[in-house]
Amino acid sequence: MASPKTVWYFSVLLVLCCSLEKQDCLETPNVTSEESPTDGSQVPSREKLEGTATLYEKVGVVQLDIYNIPLEVIDYQKSHVKNVTYPILISNELFVTDINITTECSSGSTGFSCRCEDQYSCSCDHCSSYGSCDEIVSEICGCLKDYHSEVMFCRPITKPSTIYGRIIEIELDMPNISATLIDVLRASVNDLTYPVLISNVLNVTDVNFTTACYPNSTCRCEDQYGWSCDQCLSYGSCDNITDDSCGCIKAIPPYGPFCQPITKNTLNLQFTMDITFDSNFNDENNAMFKDIDQTIKVIYKRNMQGFISAKLNSLKRGSVIADFTVMTTIVNNVEIAKAKEDIVSTLGEKYKIRFTCLNNTIFGNGQVNEIVVAECKLDEVGQKIAICQENGSFSVLENNCVLKEIEHLFLLSQALVGTGLPVFLERLRNSTFNLRDRIVASPATISTIVNILKNVANVSRSTPINKPLMKNFLETAGVLTSNAAKASWDVLNTNLTKNESSAFLGTVETISNFLTDDFFDIETSRIILNKTTVNNSVNNLFNLNSSVLIDIPASEASYSSITIITFDSLYNVLPARKSSSLNNRVNTINGKVVLVKVNGTIKNVTFSFEVLNKTLANPQCVFWNFDGLGGWDGKGCELQSDKNDTVTCHCNHLTSFSILMSPSIPAMLRVALDLITYIGVGISMGCLVVCLIIEMLVWNAVTGNNTSYMRHVSIVNIAFSLLIADIWFIIGAAISENEEKDLLACSTATFFIHFFYLALFFWMLVSGLLLLYWTVMVFSHMSKPAMLAISFSLGYGAPLIIAVITIAVTAPGKQYIRGKDGVCWLNWTESMALWAFVIPALTIVVINLLILIVVLFKMLRRGVGDVTQPDERNALVVIARCLAILTPFFGTTWGLGVGTMTTPNNLAIHIVFAIFNSLQGLFILVFGTLLDKKIREALTGRSQVSSNRTKTTSAATSSSGLGFFRIRRRNVFNVSAAPTSSTTGASETFNT
């Protein structure tokens, strides 16, 4: 058995043999090496090697086949290698700088496997191709099943390098050198091709001569450079000072800085003073004009490093607006904000200058209509522009912030070549996945990634794209098509000067033309690619996840391969506009988008699309036309059928296809429906307000007993719930009609509409349960506080629980509201969240109808007047009447509401629902308030509350519960109850 020391020396021997590459050393087919000079230069010829002292580094990969050695010996070897002190001197010319054990292959109970040591791993391709015996994390694994001679063992785990930029000023002292030689040096530098590679990790991107100083103690700037105004004045200018800069000074600055780039930036700024305008203010000799002008100069010079000049241009109306200009070589938004604050602190008290927008964490302070520029986050490049509004908040006008990692990848992609594609696409894919939450929320970053993909697609024209490259490309593209990115794409698509969405699809089409001849079958979470060969003798039918069916007749198969790319959610990217019209307020992309490419021609193809939103109609077969900004076009495609939620199209060409659909109700009729709804809801809200005012006026007169009290508590809360629900309905409709949907506001409106409509039904249930309690439990008496507690818990507590559970379950998956058509109401097609309203509402309708049947049966058997007082009897009769009329009415209304969603193409249902929905408030006013005799009497001054509370009615003297009604009257009541077909279930006779 070999000793540990023997194994150790054998390892070192192999490394040395690799390094020296001598013919008489031990030769093995399992030794590989790489050689490079340590200074990053190319390997010189042998002749040059003999005459220089350049150090060369060789990395050798050694495989040791060790048999019958115990594990403890191998462990000893590992620890011994780690504890060796490097470098190990072999000779005067050779030493070992490091030895690392990377891979250990051994046989175990589960078979033969190769496991990586710490800080080493196998690539994702090897893990997938040869099988991983542990988890694949961050695209790497630490163990492969079995030994594979073609695998180059484990590699070091490396993280993407970060590139840092640094500007270095170098001063060269060159005495006794002629001006001609300096000119030659200057020309040589200008003719260099950048970047200049210094080493593997260092390169020079640009070199510029800025300043030349001469023995006569003058320093002259090169073209496009200049001395600052301060230096021109301090050292003395040897040429003219122009625009606060000069090209020559009469001294050599001992500590710099030297000449700086001449980049004059003109900032047009203003601030507003809350004073009365006077035309004399614009006289440059006016004291206020001179004061403001001088203060601006002093403050901006103090705060801005590259300050050149500042000047007050004019004072104009509105109270008084000071327009001024600042010129600077360096624009720093933090310095501008600091100078602005200094202006307010210096002149604010004197001229009434105040900020409206205060202490914003991004934009700081601002006055009304002031445009403010702010820097992006530390890991972003670009800037944000916002305007201060009258309400004291900033509205973002433009957000150009791009993640630095993505911006850096964009710069790399501009110099990308085919050999660098594998590493670049893998890094792009990893960066996109790691930063996806921030990417999808940033339109500027999405736009930058589209430009990166365009550069990659251009490189693919000269470099065939294999399966791993295409998978990384599609996974990157898939992130941009996610639902979370829709809002960002909506922003990009509103810009009619760019066609980012069209460019995105174009990159996929371009790269799909340059795939290798291999069979491809790539499936990502949002994009599927199939490349296959075809059979020219039979029809070719391609079924893509049962959502898209492609049928190509055999007679058209003049090609050998076909590439099909299916996008699950490209409707988040592409607008639904037609190529002939950039405005779209009707159509919706209602099928998956499928891209078809063949290596030939085709003039006959059939597509069958499964519709996504089954509430839409009027299908149109379209393809994406890239002309101009891009849009959907129907040329060459025609509709064949529309049945069973499947639309079949026939086209005579190939590109990217889908279907457009729209609401079945014409636009004019939809406007009429909206008009009916808004007018009706307005009338309903007016009736509810009148109902609440009447209840407030007659409250003391009509709530003399517990029965009447609870009856009016119920009707007040029914009216209040419907009124608030209608208000939120109007708010939700306004949000839905806005082109830029505010999803948070829409979700908020939906929550309150859901809650208050449910509260309406639950208070109807409270009324029904009270009626049942007073009719069945005749001799049982519950205290008023107990009844109130139960009623409010049921009336508002139950709806709140249902509404909160609904939003908590569906909102995280973005399935709370109707996202496809932008309506602020509960989702129906994806999450069926609408059931959280329909089931409770219709259940309450059924319960109240059953209660009515029980109450009518009881009243017919014994008569309501046998066991109740007259006031209580009146309250019960009104409750029963309300339930008998309002319950079926509300049930019918919301049954129709469900019908509008399940059968959206039925115009009659929409019209009837709009009418019924508009009359709810009116029915509550009429049947819940105006038809109550006690309320009418209280309003007309004839209401009295009987002082006799006994079962036998006798003559008595009473007065109204209202303070302003003092009518004394003698009353005799004769009440009978008998079966009747009336909706109240009882007859009333009042003799006065």
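Everything numeric in this text was worked out from a predicted model, so none of it was measured.
- For Tyr757, the side chain to side chain donor-acceptor pair (under 3.5 Å) partners two or more places apart in sequence, or in a different chain, are Asp726.
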Verify disulfide bond (SG atoms under 2.5 Å apart) between Cys376 and Cys401, making sure each step is shown before the conclusion. CA-CA 6 Å; Cys376 300; Cys401 295; 1.9 Å; yes

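- Note that the CG atom of Leu639 and the NE2 atom of His650 stand 12.5 Å from one another [nearest 0.5 Å].
- In this structure, Phe752 and Trp728 have parallel ring planes: the angle between them is below the 30° cut-off, well short of the 60° mark.
- Nearest approach of Thr507 to Val450, heavy atoms of both residues: CG2-O, 4.3 Å.
- In this structure, Thr606 and Cys649 have side chains that are not in contact, with every pair of non-hydrogen atoms separated by 4.5 Å or more.
- Using modelled atom types, no side-chain atom of Ser442 and backbone atom of Ile439 make a donor-acceptor pair closer than 3.5 Å.
- Looking only at side-chain heavy atoms (C-beta outward), Glu509 and Thr655 come within less than 4.5 Å of each other.
- Under the 6.0 Å cut-off for aromatic ring centres, Tyr571 and Trp489 do not qualify, their centroids lying 6.0 Å or more apart.
- Rounding to the nearest 0.5 Å gives a distance of 12.0 Å between NZ of Lys471 and OG1 of Thr476.
- The backbone N or O of Ile817 sits less than 3.5 Å from a side-chain atom of Asn827, completing a donor-acceptor pair.
- A donor and an acceptor atom, one from each side chain of Thr646 and Ser608, are nowhere located under 3.5 Å apart.
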side-chain contact (heavy atoms from CB on, under 4.5 Å), that's the test. Do Phe792 and Trp763 meet it? Break it down for me. CA-CA 8 Å; Phe792 277 89; Trp763 275 105; 3.8 Å; yes

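- The structure places CG of Asn848 at 10.0 Å from CG of Leu772, a figure rounded to the nearest 0.5 Å.
- A distance-only check finds no donor-acceptor pair linking the side chain of Glu475 to the backbone of Asn472 [under 3.5 Å].
- When every heavy atom of Ser747 is checked against every heavy atom of Tyr816, the shortest pair comes out as O-CE2, 3.6 Å.
- Judged by distance alone, with hydrogens and angles left aside, the side-chain atoms of Ser656 form no donor-acceptor pair with the main-chain N or O of Val594 at under 3.5 Å.
- Looking at heavy atoms from C-beta onward, Ile924 lies in side-chain contact with Phe890 at the 4.5 angstrom threshold.
- Between Phe889 and Phe916, the shortest heavy-atom distance links the atoms CZ-O, 3.4 Å.
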Do Phe473 and Val508 pass the side-chain contact (heavy atoms from CB on, under 4.5 Å) test, and can you show the C-alpha distance, the side-chain angles, and the key distance before you say yes or no? CA-CA 9 Å; Phe473 183 93; Val508 183; 4.1 Å; yes

Run the side-chain contact (heavy atoms from CB on, under 4.5 Å) check on Arg526 and Ser482 step by step: do they pass? CA-CA 8 Å; Arg526 297 180 183 88; Ser482 64; 3.4 Å; yes

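- When atom types are taken as modelled, the side chain of Ser793 and the backbone of Ala789 share a donor-acceptor pair closer than 3.5 angstrom.
- Side-chain atoms of Pro840 and Phe762, non-hydrogen and from C-beta on, do get closer than 4.5 Å to each other.
- When every heavy atom of Ala836 is checked against every heavy atom of Ile802, the shortest pair comes out as O-CG2, 3.4 Å.
- Rounded to the nearest 0.5 angstrom, Asn618 CG and Thr588 OG1 are separated by 11.0 Å.
- Counting only heavy atoms from C-beta outward, the side chains of His754 and Leu826 approach each other to under 4.5 Å.
- At least one donor-acceptor pair under 3.5 Å links the side chain of Ser831 to the backbone N or O of Gln815.
- Using a 4.5 Å heavy-atom threshold, the side chains of Leu688 and Leu922 count as separate.
- The shortest side-chain heavy-atom distance between Lys578 and Asp633 does not fall under the 4.5 Å cut-off.
- Remark: the backbone N or O of Pro443 is not paired with any side-chain donor or acceptor of Ser447 at under 3.5 angstrom.
- Rounding to the nearest 0.5 Å gives a distance of 14.5 Å between OG1 of Thr806 and CE of Met832.
- Taking every heavy atom of both residues into account, Ser658 and Gly591 meet most closely at OG-O, 3.1 Å.
- Under the 2.5 Å cut-off for SG-SG separation, Cys746 and Cys824 qualify: their sulfur atoms lie closer than that.
- Taking each heavy atom of Leu474 and Ile527 in turn, the nearest pair found is O-CD1, 3.7 Å.
- Between the side chains of Ser393 and Asn391, at least one donor N or O sits under 3.5 Å from an acceptor N or O.
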For residues 713-724, tabulate all N or O donor-acceptor pairs below 3.5 Å that involve a side-chain atom, not counting sequence neighbours.
{"from": "Ser714", "atom 1": "OG", "to": "Met710", "atom 2": "O", "distance (Å)": "3.0"}
{"from": "Asn717", "atom 1": "OD1", "to": "Tyr796", "atom 2": "OH", "distance (Å)": "2.7"}
{"from": "Asn717", "atom 1": "ND2", "to": "Val713", "atom 2": "O", "distance (Å)": "2.8"}
{"from": "Ser721", "atom 1": "OG", "to": "Asn717", "atom 2": "O", "distance (Å)": "2.8"}

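- Note: Leu612 CG to Asp645 CG = 10.5 Å, rounded to the nearest 0.5 Å.
- A heavy-atom distance below 4.5 Å is found between the side chains of Gln920 and Leu760.
- For the residue pair Ser641 and Thr648, a side-chain donor N or O sits within less than 3.5 Å of a side-chain acceptor on the partner.
- In this structure, the side chain of Thr481 engages the main chain of Gly478 through a donor-acceptor pair within 3.5 Å.
- With Ser395 contributing its side chain and Ile387 its backbone, the two residues share no donor-acceptor pair below 3.5 Å.
- Between the side chain of Asn572 and the main chain of Ala484, no donor-acceptor pair closer than 3.5 Å is present.
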side-chain contact (heavy atoms from CB on, under 4.5 Å) between Phe761 and Val845: does it pass, once the steps are laid out? CA-CA 8 Å; Phe761 279 93; Val845 169; 4.0 Å; yes

